[in-house]
Amino acid sequence: MKAKEFILNMGPQHPSTHGVLRLVLALDGEYVKDSRVHIGHLHRGIEKLCENKTYFQIVPLTDRLDYVSSISNNLSYVQAVEKLLELSVPERAKYLRVIFSELQRLCNHLLWLATQALDIGAMSMFLYCFRDREEILDIFEKVCGARLTINYLRVGGVNRDMQPDVIPMILKFTKYFSNSIKEWDTILSGNRIWLGRTKGIAAVTKEDAVNYGLTGVPLRASGINLDIRKAIPYAVYDRMNFDVPLGVNGDVFDRYIIRMEEMRQSLRIIEQACKEIPDGPIMVDDPRIALPDKKNLEANAECLTRYCYILTHGYKVPKGEVYSSIEAPKGELGFYIISDGTEKPFRLKIRSPAFINVAALPKMIQGGLVADVIAAIGSIDIVLGEIDR
Amino acid sequence: MFLEAARQIGITLILVILNIAYLTYIERKVLGRLQQRIGPNRVGTYGLLQPIADVVKLISREDLIPAKADKIVFVLAPIMALIPAFIVYAAIPFTKNICISNLNIGVLYVFAVSSLSVYGLVMAGWGSNSKYALLGGLRAAAQMVSYEIFLGLSVMGALMLSSSMNMIEIVNAQKGLPFIFLQPLGFFIYFVAGIAETNRIPFDLPEAENELVAGFHVEYSGMRFALFFLAEYSHMFVVCLMATILFLGGWNGPYSDNSTFFSLLWLLLKTFSLVFVFLLIRGTLPRYRYDQLMDLGWKFFLPLSLANILVTSLIIWLK
């Protein structure tokens with residue numbers, strides 16, 4: 001007797017599809033025979049919106065792409081525009097960008113660990129991770145005034161300098177956080193149930209990883225060494241000492257181990273950057289692009305005019321095309337911008353890592369159980385805001 | 001005679017309901033502490049009235065039945081889950097004096113009746129007419145059936161040692177030394193099987209909130225939903241209570257010989273320390289996968305419990 005296929009609709013309202021991802025699974029018992037991924041439930045047309053905004057106004061829009069790692073999105077966008085403008089950013093701003101994008105990486109990986117552990121059933125891990133994430137958000141709040149979509153970077157530098165007591169705060173956090181990672185290692189890494197749920201699950205071979213165009217952790221878990229921070233260094237990553245952890249099997253467990261190791265490496269980078277950060281300006285000295293100091297606005301009419309002009313009209317960007325990418329926590333995040341020489345981009349295309357990584361999901365979950373589907377989704381680390389844009 | 005029975009039933013029922021109500025409170029409080037939260041602290045001092053508030057809230061919820069559900073099965077299911085969970089107490093002695101019916105085959109009765117609850121879960125899975133619920137119901141059935149077997153086998157050692165199925169006699173046989181020292185493996189297997197029986201982490205597959213959303217009770221709300229939870233907590237209490245009676249020496253303890261109060265105190269103390277272990281496990285471990293759970297049951301625990309019986313009976317025979 002042949003069992004009838006059982007079609008299970010998972011999502012978009014499902015606690016473990018990380019937002020509004022929808023999967024249609026064809027099940028035989030609990031085994032997945034076939035699957036289809038449906039996206040688009042969170043489509044906001046950000047790429048199109050960008051065409052009607054000045055380069056200055058696009059920065060907060062990029063915050064809303066991958067809303068759990070907004071600085072990475074800012075950074076990728078800002079660097080693309082800077083490439084078009086051929087700006088050189090002050091040293092201090094570069095260091096600030098590195099510090100904050102690594103803090104953001106920690107923040108993102110914490111959220112990933114929290115949800116991955118929760119998906120597999122370890123509920124307490126979820127709360128432990130959120131507890132520590134809170135500390136990072138507090139740092140963000142102190143420096144930028146916001147916690148989640150912090151809109152910190154600007155074309156040509158960063159929004160504002162950090163207060164003198166922030167560096168001790170960050171260092172205190174890194175010390176505390178390295179202990180936290182040890183604690184999680186004891187909870188999860190050696191746990192037999194955890195190993196059973198992650199080892200050999202949703203494995204991707206080297207060839208498949210390349211063919212699907214995976215980037216970030218899913219690619220490195222399969223054993224391919226590609227980290228944009230090393231391959232095409234940006235900001236001051238070429239001066240930082242850090243390792244790129246690689247996996248072997250490309251399964252959920254390898255992705256878990258790599259992200260844990262990446263968190264440790266991020267801590268190393270943050271500590272180095274905090275030590276080396278020079279004094280100096282945080283914004284490029286170019287009156288076309290940099291907003292004048294707010295203190296001068298009342299006294300100096302010229303400053304006031306410039307201030308209003310940049311906010312409302314923006315600045316002209318030379319004609320040309322540019323692609324620039326960074327190693328975002330989820331993979332290679334790239335911005336492709338076509339400028340027609342006006343204040344607004346003619347076209348802006350976002351290469352979103354999660355969008356491309358999630359395409360490999362049906363391959364990963366083929367033949368697995370329903371429970372593995374959840375583990376696989378968690379291990380790719382997706383945010384639907386970025387997939388649907 | 002009739003009055004005496006009514007008195008016993010009354011006392012037992014009050015004990016059980018109080019214990020179950022506060023089990024939910026203790027669970028939330030302990031889990032909260034484990035996870036660096038505070039837990040309920042708004043209703044009454046230290047949140048002690050929380051269970052009452054919960055019941056009031058659940059009772060006042062709208063009574064929802066999905067349009068395409070099988071209405072009779074849907075309504076019957078929570079009742080079917082709850083009744084066995086409560087009638088098991090008919091044979092469980094809380095002390096020498098507090099016992100509705102002192103059955104000769106008390107242990108057999110408890111295991112037989114408590115396993116009937118699975119019908120409730122399967123009916124809920126089927127009656128809801130939802131795929132998630134159906135998967136949850138099927139998982140529940142498979143899990144309960146396979147873990148029932150070695151739940152029964154694991155207590156055999158204790159039964160052989162006391163050569164009785166009457167629980168008061170089993171407790172009396174442990175006056176000197178609780179059976180946990182003679183039957184450590186039996187206790188361990190019983191405890192694991194107990195966790196699986198009560199569908200709790202790491203064996204909470206029928207609910208598996210992250211895969212099956214809520215499993216068999218995904219379509220339930222309000223008081224019907226509460227009945228399932230009442231059944232689950234009642235089961236948890238029964239499992240811990242039986243573990244106490246069979247392995248931890250029941251109500252034996254200092255001053256317990258003539259005092260009902262101390263007997264009850266010891267029994268509840270032991271039971272709730274087991275409950276605490278339940279909660280610690282829930283706070284730490286991830287969830288098994290369905291096939292791994294079956295492997296663990298049939299390939300590991302079943303042979304282990306059979307070996308336990310063999311060794312125990314050999315030792316008894318040699319003596």
Side-chain angles (χ1 to χ4, degrees), chain A residues 6-11 13-18 23-25 27 29-32 114-132 134 180 183-184 186-188 191-201 252 256 368-378, chain B residues 27-28 30-39 125 129-143 192 195-196 199-215 218-219 279-296 299-300:
Chain A
F6 184 81
I7 304 291
L8 186 70
N9 182 34
M10 194 179 252
Q13 282 91 23
H14 187 283
S16 301
T17 52
H18 292 222
L23 289 171
V24 178
L25 306 172
L27 299 180
E30 287 220 10
Y31 287 92
V32 178
T115 47
Q116 171 95 74
L118 185 68
D119 288 348
I120 297 186
M123 186 192 173
S124 297
M125 277 303 296
F126 177 76
L127 289 137
Y128 296 156
C129 291
F130 266 72
R131 173 194 70 194
D132 292 346
E134 202 68 15
S180 288
E183 193 179 303
W184 303 332
T186 41
I187 296 180
L188 293 179
N191 188 318
R192 275 198 51 172
I193 304 177
W194 180 262
L195 294 181
R197 287 297 306 275
T198 54
K199 275 216 162 152
I201 306 299
V252 176
Y256 157 75
L369 282 111
V370 178
D372 297 338
V373 174
I374 300 302
I377 296 175
Chain B
E27 161 151 46
R28 291 172 65 176
V30 170
L31 260 190
R33 286 296 170 188
L34 282 177
Q35 297 167 344
Q36 317 227 324
R37 298 181 284 120
I38 296 169
N129 200 4
S130 147
K131 286 172 180 174
Y132 286 103
L134 181 61
L135 278 177
L138 292 179
R139 280 182 178 191
Q143 180 177 334
V192 174
I195 299 173
N199 298 332
R200 296 183 64 82
I201 276 183
F203 304 107
D204 66 336
L205 297 172
E207 287 162 35
E209 60 183 41
N210 306 100
E211 312 145 32
L212 300 187
V213 194
V218 65
E219 300 290 349
L279 300 182
L280 283 185
I281 291 172
R282 175 166 177 202
T284 350
L285 291 184
R287 179 184 304 115
Y288 268 108
R289 209 173 60 192
Y290 180 62
D291 56 330
Q292 292 167 347
L293 176 94
M294 289 296 155
D295 281 358
L296 189 78
K299 292 183 189 161
F300 183 70

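The analysis underlying the following values was restricted to heavy atoms, covering all of them including side chains, and did not include hydrogens, waters or symmetry mates. Numbered from 1 within each chain, the chains take letters A, B, ... in sequence-line order.
- Rounded to the nearest 0.5 angstrom, A/D372 CG and B/D291 CG are separated by 7.5 Å.
- Around the CZ atom of B/R37, the shell of radius 6.0 Å holds more than 12 heavy atoms that belong to other residues, nucleotides or ligands.
- More than 12 heavy atoms of other residues, nucleotides or ligands sit less than 6.0 Å from atom CZ of A/F6.
- Within the 4.5 Å cutoff, the side chain of A/E30 has heavy atoms near those of the B/L135 side chain.
- The shortest distance between side-chain heavy atoms of A/M123 and B/R282 falls below 4.5 Å.
- Side-chain atoms of B/Q292 come within 3.5 Å of backbone atoms of A/G196 as a donor-acceptor pair (strictly under, hydrogens ignored).
- Contacts of B/Y290 with chain A are made by side-chain atoms alone, with heavy-atom separations under 4.5 Å and no backbone atom involved.
- Between the side chain of A/S124 and the main chain of B/T284, no donor-acceptor pair closer than 3.5 Å is present.
- Contact between A/Y128 and B/L34 at its shortest, heavy atoms only, is OH-O, 2.7 Å.
- Among the candidates A/I201, A/I120, A/I193, the single residue satisfying the side chain to side chain contact (heavy atoms under 4.5 Å, CB included) test with B/R289 is A/I201.
- Looking at B/L138, there are no atoms closer than 4.5 Å to chain A (heavy atoms on both sides), in backbone or side chain.
- Within the 4.5 angstrom heavy-atom criterion, atoms from both the backbone and the side chain of A/R197 approach chain B.
- Using a 4.5 Å cut-off between heavy atoms, A/I7 contacts chain B through both its backbone and its side chain.
- The two atoms that bring A/N9 and B/Y132 nearest to each other are O-OH, 2.9 Å, heavy atoms only.
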